[in-house]
Amino acid sequence: MDAIPAHRIKCIEDADMPGPFPPRLTRTVDLYGPDGMARIRSAGVVVVGLGGVGAHAAVALARSGIGRLHLVDDDVITTSSLNRHPVAGPADLGRSKAEVLATFIAATCPETDATLAVARVTAASLPTLLPEAGREVHGVVIDAIDGVVEKIALIVHAAGQGRQVVCSAGAAGKVDPGLIRTGTLGQTRVCPLARKVRHGVRQAGLDAGAIAAVWSEEDPRPPIDAPPGTHLPDEPGVTRRQASNMMLPGMVGYALAALAVWVVANP
């Protein structure tokens, strides 16, 4: 996806707040216009993968007034989640990531209908998690999962249904915000995860140039080995750790949300 043309972003000066929109969205209406905001309010987005990237994307979408969010992840909040999660705290340890986000969105953005599925994405589970009929309810899918096989399956399945897919490449092990890029999966470079997904999507017969993407062109730092006895108590099976911070995953998540909102506001 090309950069958003500046001349197409409308700033409505001194506009009265349209009645149908929650007052908290006044400045969002100023940016996208009443017609764009109406499309945002009527749109639905599925966010798959609610780690450091997907959690930020989900919060940004709700704050932006997206009408419906469906949150999908099978994982729980652990101690190592807390350095990059936008809303989870120590009291949330052990809770489902999807539940934590859905609860937060219900409390802070009640005009957004947030539903959830605590489930793992696989080729076998996708027809249930993203049924064909759901396209009319959630027309955009944000892919923020880590596994290569799962990412390819998700992209192929969702794009095959005619849903707009916005794909995240790797955000762990990176520190330079100036190297984050937006465009299409076909334009990605440097990122090892993006390279594998791009290849898999093409092998499946899809045009990688038709899939919106966010990636970083920074060489990632390698995972850190975690010898026995050095893992966190609530992560006993972890043997390799991905270095990460709050900032880069958050920036990638916000970029994903920005692309998704632009897609629905400007069909």
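The structure presented is a predicted model; accordingly, all values stated were derived computationally and were not measured.
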| task | Give every residue pair that meets the ring pair (Phe, Tyr, Trp, His ring centres under 6.0 Å) criterion with at least one member in residues 185-212, sequence neighbours excluded. | result | none
Side-chain polar contacts of residues 133-143 - donor-acceptor pairs under 3.5 angstrom, sequence neighbours left out - could you list them?
from: Arg135; atom 1: NE; to: Gln161; atom 2: O; distance (Å): 3.4
from: Arg135; atom 1: NE; to: Gly162; atom 2: O; distance (Å): 3.4
from: Asp143; atom 1: OD1; to: Ile145; atom 2: N; distance (Å): 3.2
from: Asp143; atom 1: OD1; to: Lys151; atom 2: NZ; distance (Å): 3.1
from: Asp143; atom 1: OD2; to: Lys151; atom 2: NZ; distance (Å): 2.8

| message | Enumerate the side chain to side chain donor-acceptor pair (under 3.5 Å) contacts for residues 34-47, please, sequence neighbours excluded, ordered by first and then second residue. | response | none
| task | Say whether Ser125 and Thr128, considering side chains only, have a donor N or O and an acceptor N or O under 3.5 Å apart. | result | no
| Do any N or O atoms from the side chain of Ser96 and from the backbone of Ala98 form a donor-acceptor pair under 3.5 angstrom? | yes
| field | Derivation and outcome, side-chain contact (heavy atoms from CB on, under 4.5 Å), residues Val264 and Ile66 | value | CA-CA 9 Å; Val264 300; Ile66 284 289; 4.1 Å; yes
| task | Go through the structure and list residues passing ring-ring contact (aromatic ring centres under 6.0 Å, His included) with Phe104, not counting sequence neighbours. | result | none
| Partner residues of Arg95 under the side-chain contact (heavy atoms from CB on, under 4.5 Å) criterion, sequence neighbours left out | Asp92, Glu99, Val100, Thr103
| said: Just verifying a value: how many Å separate Thr28 OG1 and Arg63 CZ, rounded to the nearest 0.5 Å? | reply: 11.0 Å
Please list every donor-acceptor pair under 3.5 Å in which a side-chain atom of residues 189-196 meets a protein atom from a residue at least two apart or in another chain.
from: Arg189; atom 1: NH1; to: Glu217; atom 2: OE1; distance (Å): 3.1
from: Arg195; atom 1: NH2; to: Val190; atom 2: O; distance (Å): 3.3

| task | Supply the atom-to-atom distance Thr26 OG1 to Met37 CE, rounded to the nearest 0.5 angstrom. | result | 10.5 Å
| Are Ile40 and Leu31 joined in one hydrophobic group, where the rule is that I, L, V, M, F, W and Y side chains link up if heavy atoms are under 4.5 Å apart? | yes
| message | Treating Arg198 as the side-chain partner and Ala208 as the backbone partner, does any N or O pair qualify as donor plus acceptor under 3.5 Å? | response | no
Please output the side-chain donor-acceptor pairs of residues 80-91 that fall under 3.5 Å, not counting sequence neighbours, one pair per line with the distance.
from: Ser80; atom 1: OG; to: Thr78; atom 2: OG1; distance (Å): 3.4
from: Ser80; atom 1: OG; to: Glu235; atom 2: OE1; distance (Å): 3.3
from: Ser80; atom 1: OG; to: Glu235; atom 2: OE2; distance (Å): 2.3
from: Ser81; atom 1: OG; to: Thr78; atom 2: N; distance (Å): 3.1
from: Ser81; atom 1: OG; to: Thr78; atom 2: O; distance (Å): 3.3
from: Ser81; atom 1: OG; to: Thr78; atom 2: OG1; distance (Å): 3.3
from: Asn83; atom 1: ND2; to: Ser244; atom 2: O; distance (Å): 3.1
from: Arg84; atom 1: NH1; to: Ser80; atom 2: O; distance (Å): 2.6
from: His85; atom 1: ND1; to: Val87; atom 2: N; distance (Å): 3.1
from: His85; atom 1: ND1; to: Ala88; atom 2: N; distance (Å): 3.0

| request: Please identify each residue that fulfils side-chain contact (heavy atoms from CB on, under 4.5 Å) with Val149, with sequence neighbours left out. | output: none
| Considering all heavy atoms, the nearest Trp215-Thr182 contact | CZ3-C, 3.6 Å
| What are the two closest non-hydrogen atoms of Leu185 and Cys167, and how far apart are they? | CD1-SG, 4.5 Å
| field | Same apolar cluster: Leu130 and Ile155, side chain cutoff 4.5 Å | value | no
| query | Ile105 and Leu61: same hydrophobic cluster, using ILVMFWY side-chain contacts below 4.5 Å? | reply | yes
| query | Residues in salt bridge (charged side-chain N to carboxylate O under 4.0 Å, His left out) with Lys97, at least two apart? | reply | Asp75
| Step by step, would you call Arg202 with Asp207 a side-chain contact (heavy atoms from CB on, under 4.5 Å)? | CA-CA 6 Å; Arg202 286 172 172 163; Asp207 176 11; over 6 Å; no
| query | Any side-chain heavy atom of Arg120 sitting closer than 4.5 Å to one from Glu150? | reply | yes
| remark: In short, side chain to side chain donor-acceptor pair (under 3.5 Å) pairs touching residues 105-115 with sequence neighbours left out are Arg24-Glu111, His70-Thr115
| Interatomic spacing from OG1 in Thr79 to CG in Leu232 - rounded to 0.5 Å | 5.5 Å
| Given the rule in the side-chain contact (heavy atoms from CB on, under 4.5 Å) test, do Leu101 and Val47 qualify, once you have shown the distances and angles that lead to the verdict? | CA-CA 11 Å; Leu101 275 172; Val47 183; over 6 Å; no
| query | Do Ile211 and Val156 share a hydrophobic cluster (ILVMFWY, side-chain heavy atoms under 4.5 Å, transitive)? | reply | yes
| request: Evaluate the criterion side-chain contact (heavy atoms from CB on, under 4.5 Å) for residue pair Arg163 and Val46; output intermediate values, then yes/no. | output: CA-CA 10 Å; Arg163 305 194 203 216; Val46 182; 4.2 Å; yes
| Among all residues two or more places apart in sequence or in another chain, which pass the salt bridge (charged side-chain N to carboxylate O under 4.0 Å, His left out) test with Arg221? | Glu218
| field | Gap separating the OH atom of Tyr254 from the CG atom of Leu259, nearest 0.5 angstrom | value | 15.0 Å
| Would you say the side-chain atoms of Arg181 pair up with the backbone N or O of Gly178, donor to acceptor, closer than 3.5 Å? | yes
| query | Of the non-hydrogen atoms in Ser64 and Val261, which two are nearest, and what is the gap between them? | reply | CB-CG2, 4.2 Å
| Do you reckon Leu69 sits in the same ILVMFWY cluster as Val166, going by side-chain contacts under 4.5 Å, direct or chained? | yes
| note | Smallest heavy-atom separation, Gly200 atom then Ile152 atom, equals CA-CD1, 3.6 Å
| note | When every non-hydrogen atom of Ala57 is compared with those of Leu256, the smallest separation belongs to CB-CB, 4.5 Å
| remark: Sequence neighbours excluded, the answer for side-chain hydrogen bond (donor to acceptor under 3.5 Å, both in side chains) partners of Ser216 is none
| Minimum heavy-atom distance Ser168-Val252, with the two atoms named | OG-CG1, 3.6 Å
| remark: Rounded to the nearest 0.5 angstrom, the CG-CG distance for Asp176 and Asp219 is 11.0 Å
